[in-house]
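Notes follow once the structure below has been shown.
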Amino acid sequence: MFAEFLQYLLSGITIGAIYALAGLGFSIIYNASHVINFAQGEFIMIGGMSAATLTAAGVPLPLAMLFGLAAAMLGGVLIAKFTIERARNASVVTLIIITIGASIFLRGLAEVVWGKEFHRLAAFSGDDPIAVMGAAVLPQSLWVLGVALVLIAATGFFFNRTLAGKAMLATSHNRLAAQLVGINVRGVVLVAFALSAALGAVGGAVVAPITFSYTEMGIMLGLKGFTAAVLGGLGNGAGAVVGGLLVGIAEALGAGYISSAYKDAIAFVIILLVLMFLPNGLFGKRGTERV
Amino acid sequence: MANRLFTSLMAAGALALGLAAGAAQAADPIRIGSFLSVTGPASFLGEPEKKVLELYVDRINKAGGVDGRPIRLTVYDDGGDAAKAAGFAKRLIDSDKVDVIVGGTTTAATMAAVPLVERAEVPFISLAGAVVIVEPVKPWVFKTPHTDRMAAEKVMADMTKRGLSRLALLSEDSGFGKSGRAETLKVAKDMGITVVADETYGAKDTDVTPQLTKIRSNKEAQAVLVFGLGQGPAMVTKNYRQLAIELPIYQSHGVASMEFIRLAGGAAENVRLPAAGLVVADQLPDSDPQKRVVAEFSKLYIDHIGGEPSTFAGHAYDGLMLAVEAIRRAGGTDRARVRDEIEKTKGYIGTGGVVNMSPTDHMGLGLDAFHMVEIKQGTWKLVD
Amino acid sequence: MLGRVPVLVGLAAVIAVLPLVLTNNFLLNVAIIAGFNAVVCVGLNLLIGYAGQISLGHAAFFGLGAYVSAVLVGTHGWPPLPALLAGAAFVGVLAFAVAKPILRLKGHYLAMATLGIGIIISIVLRTETDITGGPDGMVVVPFEVFGIEVAGESMWYWVVGALLLLAVWLSLNLIESPAGRAMRALHGSEVAAETLGVDTTGYKVMVFVLSAVLASVMGSLFAHYLGFITPSAGDFFKSIELVTMVVFGGMASTLGAVVGAVILTVLPQFLTAFQDYQHMVLGAILMFTMVFMPRGLLPTLEGLITARRRA
Amino acid sequence: MSTAARARAAMTEPDAASPVPPAAAHAGPPILAVEALSKEFGGVHAIEDLSFTVSRGRIHSIIGPNGAGKTTLFNLVTGVYTPSAGRVLFDGQPVSGLAPYKLAARGMSRTFQNLQIFFNMSAIENVMVGRHLHLDRRLLPALFRFPSLVRKDREAKERAAELMREVGLGRYIDAESAAMPYGALKRLEIARALAAEPVLLLLDEPAAGLNATESREIDELIKLVAGRGVTIILVEHDMKMVMGISDHILALNYGRKLAEGTPAEVAANPDVVAAYLGTLD
């Protein structure tokens with residue numbers, strides 16, 4: 001009984017960590033530019049695909065991951081530079097369509113470069129499950145959790161302790177004021193995209209041994225990341241992380257105890273319930289509209 | 001103003017489409033059409049199928065075609081979606097005006113196209129597994145792979161041999177998986193096997209541990225049968241090992257591809273499944289009539305496409321050959337005569353076995369061509 | 001802005017002349033599917049373009065309509081027309097029930113909620129295998145009404161063409177009426193509209209239900225036309241496709257929605273010629289059209305033409 | 001009321017909710033009474049324990065330094081905000097908690113300090129939205145273009161054009177609102193509010209950002225409207241204008257009433273001078 005619960009909980013936390021990384025990516029970009037980047041999932045895909053295909057070609061894993069990281073960051077910066085920056089004043093829907101276009105483009109590019117088949121990435125430290133109180137944990141799950149933890153802590157450090165990070169936060173609070181005190185707000189948008197892409201790419205690489213890599217792997221992960229970010233309150237990084245873990249755990253428990261077929265629906269049911277009572281998410285800023 | 005623009009846009013679009021369709025009216029080729037799941041969850045079936053069709057059509061054309069007529073092959077990717085498959089079947093019939101269709105990677109795609117080919121009276125050789133495709137017999141529909149019923153029978157015969165009688169079933173929510181589940185339940189009754197767990201998983205699931213955790217907790221189960229195709233079963237197999245389940249695991253013939261072993265990695269060890277002789281060609285006795293055909297196909301595949309040929313590649317080859325032979329015998333592409341000739345196929349030795357069709361059997365394969373294999377050290381090992 | 005009459009006459013002329021160049025059933029088939037999409041987009045444009053409310057889950061209503069028809073006709077032996085109406089009623093009630101709580105949300109939160117509803121509905125369609133046939137879908141018999149069977153591409157072409165004209169006429173009528181102005185006003189400023197007596201919640205709900213019901217009706221017909229239906233008719237990608245058509249053609253332009261639907265239905269058919277590159281090309285076209293014409297194709301072209309005329 | 005009922009009310013009863021006709025001035029209870037009204041935002045009292053009345057057919061001004069709570073008060077009176085405590089009576093009926101559109105149906109109309117123009121519509125369409133309550137608001141007649149609806153719509157358009165000319169926007173009748181200058185948009189809001197034929201009109205800084213000539217024109221306009229029996233509540237920083245046209249003035253500071261009375265009385269009140277006029281210098 002307890003072993004079963006623990007099994008569900010552990011798989012929930014593992015996948016939740018990836019949602020948290022994706023959600024954090026959404027939040028960072030949202031803060032810098034008020035854009036919901038629907039291509040966030042593609043950064044995960046680029047990370048996963050690079051790691052899987054390059055290691056298969058004999059490249060050492062760290063190098064392959066580094067390449068994926070660089071490729072995703074380049075992709076992110078190019079999207080920011082050539083689309084988002086130019087379409088600053090477009091409506092919310094138009095911006096959504098632009099990022100969806102970018103996501104289709106990146107997926108198409110990946111199909112050309114890597115093909116449409118599924119790729120396998122060997123687990124970083126073997127496939128032998130570790131028994132934990134009756135539940136079995138893959139060593140890769142620990143990699144996912146560890147890497148996610150480090151990335152989240154590093155992101156937190158960047159925004160709270162470094163000048164560049166503080167400048168980005170300032171920009172999200174008041175773009176004009178930030179501009180006036182000499183912050184390069186355009187640069188901020190580029191950095192935000194690069195940072196989100198980096199989070200996604202590393203997340204994709206560590207999760208690939210669990211999920212396989214394929215060009216469509218980023219779609220659902222991206223949507224769940226968006227759910228995590230909204231659940232935590234858009235623009236609230238810590239909220240997105242909590243949101244991601246909540247979604248992951250709820251999903252795994254739901255799949256175990258309610259219905260595995262409805263697993264993917266659980267995240268969306270939660271978000272709808274939360275939005276009905278808290279229109280700005282769990283930790284979002286509440287405020288009355290100024291007229 | 002914008003109206004005029006709209007008109008001309010529409011007209012230009014229509015015209016260009018018309019030209020694209022019309023430009024191909026050269027010579028008098030034999031038109032073979034295909035819709036395959038080159039992408040999506042069944043891509044590891046569809047992708048080699050496409051490559052094989054292209055390779056062999058090319059070879060036939062280089063060798064002078066069929067009775068001097070070249071083959072023109074049109075392949076569409078249905079992405080694993082049955083509605084898309086129906087759309088492409090319509091396009092093949094109405095726009096490309098094909099003489100015969102060889103395709104339909106999945107059962108769902110096949111079944112979606114069936115009413116269309118029946119209405120248009122186009123011979124259609126499906127590459128999908130479920131028994132519903134040919135039972136009841138549909139005049140214009142044939143298939144090359146073994147059925148799911150045969151797979152279930154083969155698996156349960158093997159279980160009986162090993163003294164196992166209680167089975168946990170985990171089937172995919174795809175057409176193949178659903179049909180496989182139904183057949184398994186039916187066959188189990190006849191063969192004295194009890195199904196003690198009956199779970200399903202989604203073709204695109206990336207985590208099947210919840211279902212497997214339930215099976216693990218089921219103390220009655222003695223063996224597990226996974227009925228699905230493509231990457232899903234590879235995910236199941238990985239999760240199976242992750243949960244350290246000790247029971248013997250069987251898969252269906254829907255994973256008889258090196259791709260499965262590659263994806264599942266070490267987890268695939270000791271998995272048993274029924275498969276066509278193709279994957280164990282070198283282990284077949286020399287007396288086996290298939291041996292020569294299969295060896296030749298494997299060599300060509302490895303030389304021109306690369307990698308190990310899967311049974312799915314073989315299904316596509318068989319389908320194409322059955323069609324070409326029938327056209328040759330019919331002396332042309334008259335659809336009704338081609339259909340009749342496919343139905344009269346006797347003693348055709350293909351990668352799937354020896355094919356003997358009849359008006360009541362549109363597949364023509366016996367259980368003898370189906371082998372139980374086990375995955376050992378990352379490759380296929382013939383069990384019987 | 002074009003007047004109502006020239007738009008309607010022009011569209012009617014195009015629909016009448018088009019079969020002359022659509023020389024085979026496949027081309028007619030593409031035109032018919034474009035027509036289906038166009039009608040749904042005309043409805044969706046009322047919601048997104050005019051009332052300013054995003055919906056990233058609209059295909060779910062299309063899919064639901066299709067499945068209600070498919071199930072009632074196929075499994076329960078209903079005649080197609082009552083099944084279509086039952087589907088529309090069901091979708092109408094469902095849309096009405098969800099509309100109030102979610103339409104309070106704004107911007108990205110509304111996008112999230114509609115996306116969630118769409119995905120949940122499509123998962124239900126995919127999962128309730130016993131009713132819907134699961135991911136593999138189900139066969140649907142031809143549409144038949146008053147003993148006449150609608151079958152064959154040319155017959156469907158005229159049916160869909162007539163429906164498109166009707167939808168455009170209704171849409172143009174609505175936007176130039178008090179109800180339509182109220183709906184546009186709440187897009188411009190919700191609080192101002194309220195203080196002028198506009199029941200903004202009521203109108204949001206109204207236009208949401210209206211566009212959902214239109215999608216449902218077209219979904220029902222689409223199922224009969226195709227003869228086969230899978231959950232992909234109502235999934236996330238279809239929703240995104242519909243929104244993209246509206247935004248690409250031009251928000252708050254009825255003709256723009258039609259143009260967007262037609263181009264984005266026909267384009268992928270051309271792009272199959274690019275084989276492996278087709279998704280890259282589609283993505284690039286979407287991105288750069290929206291970057292350089294953020295208002296969409298038709299409004300931007302109209303703007304250019306007016307500017308040139310003035311110059 | 002449920003959404004269902006609201007939607008139905010909006011769609012199916014075109015005339016049930018038409019406003020009170022311009023009432024007999026100077027009769028009956030005060031048109032507006034505010035009783036012990038409070039509004040808090042996260043612990044901060046924007047309005048605190050405020051009471052006052054507005055009698056019919058007069059120009060009633062509200063003054064106070066920035067942050068005194070004037071706009072909050074407008075939002076409370078028009079139903080945009082719900083009060084934390086206290087109540088608002090409109091025409092003798094308690095209306096706190098009613099949606100703005102219902103207050104509009106009872107004859108209340110307003111303009112905004114920060115423009116709330118429907119920039120996605122033409123100028124004349126903006127004014128026509130103001131006629132909303134007097135038109136056929138149902139869906140079906142709209143979809144099928146019932147002749148009666150078309151006829152009333154045409155009349156509404158003529159009336160809107162007339163109103164635009166009245167407020168001095170004659171040359172913008174065919175303009176897109178997005179292309180109009182600031183001063184013209186201020187008037188457009190007034191024309192739009194007047195189109196509703198309100199009994200009570202709340203103007204939130206109608207002269208802000210306008211030059212002296214434009215200010216004077218707005219001044220004349222307000223007097224003209226008041227002259228027709230519409231009660232006006234005015235929030236304005238332009239003291240000259242306020243002192244010139246108001247019958248009655250309410251001075252606020254930090255959400256509380258500082259003083260009340262005729263312009264002369266308020267101007268002479270030492271508290272007001274200290275809190276407000278003093279800062280003007």
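Order of the sequence lines fixes the chain letters, A, B, ..., with proteins taken first and strands second; residue numbering starts at 1 for each chain. Please read these numbers as outputs of a predicted model, since none were measured by experiment.
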*Test C/Met290 against every option in A/Leu95, A/Thr99, A/Ile98, A/Val93 by the side chain to side chain contact (heavy atoms under 4.5 Å, CB included) rule and name the one that passes.*
A/Ile98
*Among the listed options A/Ile84, A/Val112, A/Ile96, A/Ile100, the residue most often paired with chain C at heavy-atom distances under 4.5 Å*: A/Val112
*Could you tell me which portion of C/Val124 (side chain, backbone, both or neither) has an atom closer than 4.5 angstrom to a non-hydrogen atom of chain A?*
both
*Do C/Val291 and A/Phe82 have side chains that get closer than 4.5 Å, going by heavy atoms?*
no
*asked:* Within this structure, what is the CD1-OG1 distance for the pair A/Ile104 and C/Thr244, rounded to the nearest 0.5 Å?
replied: 6.5 Å
*Shortest non-hydrogen contact from C/Met287 to A/Gly101?*
CG-C, 3.7 Å
_Part of C/Leu105 lying under 4.5 Å from any heavy atom of chain A_ = side chain
*C/Phe236, part contacting chain A, at a heavy-atom distance under 4.5 Å*: side chain
*Over all heavy atoms of both residues, which pair between A/Pro279 and C/Arg104 is shortest? Give the atoms and the distance, please.*
CG-NH2, 4.3 Å
_Nearest 0.5 angstrom please: C/Met112 CE to A/Leu223 CG, how far?_
7.0 Å
*asked:* Quick check against the 3.5 Å criterion: does C/Tyr109 have a side-chain atom that pairs as donor or acceptor with the backbone of A/Leu234?
replied: yes
*Specify which of C/Ile117, C/Thr127, C/Leu286 makes the most heavy-atom pairs with chain A at under 4.5 Å.*
C/Thr127
_Sub-4.5 Å heavy-atom contacts with chain C: which residues of residues 259-275 of chain A show up?_
A/Ala261, A/Tyr262, A/Asp264, A/Ala265, A/Phe268, A/Val269, A/Ile271, A/Leu272, A/Leu275
*Roughly how far, to the nearest 0.5 Å, is the CD atom of A/Glu216 from the CZ atom of C/Phe237?*
6.0 Å
*Give, as side chain, backbone, both or neither, the part of C/Val243 having an atom under 4.5 angstrom from any heavy atom of chain A.*
both
*Using non-hydrogen atoms and a 4.5 Å limit, figure out which bit of A/Ile219 sits close to chain C: side chain, backbone, both or neither.*
side chain
*Does any heavy atom of chain C fall under 4.5 Å from the side chain of A/Ser91, the backbone, both, or neither of them?*
side chain
*Taking everything shown except A/Arg186 itself, do over 12 heavy atoms lie less than 6.0 Å from its CZ?*
no
*Examine C/His108 together with A/Phe226 and report whether their ring centres are nearer than 6.0 Å.*
no
*Nearest heavy atoms of C/Pro101 and A/Met276, plus distance in Å*: CB-CG, 3.7 Å
*What part of C/Leu110 lies closer than 4.5 angstrom to a heavy atom of chain A: side chain, backbone, both or neither?*
neither
*Pairwise distance CD(A/Glu111) to OH(C/Tyr277) - rounded to 0.5 angstrom*: 11.5 Å
*Side chains of C/Leu56 and A/Phe38: does their closest heavy-atom pair fall under 4.5 Å?*
yes
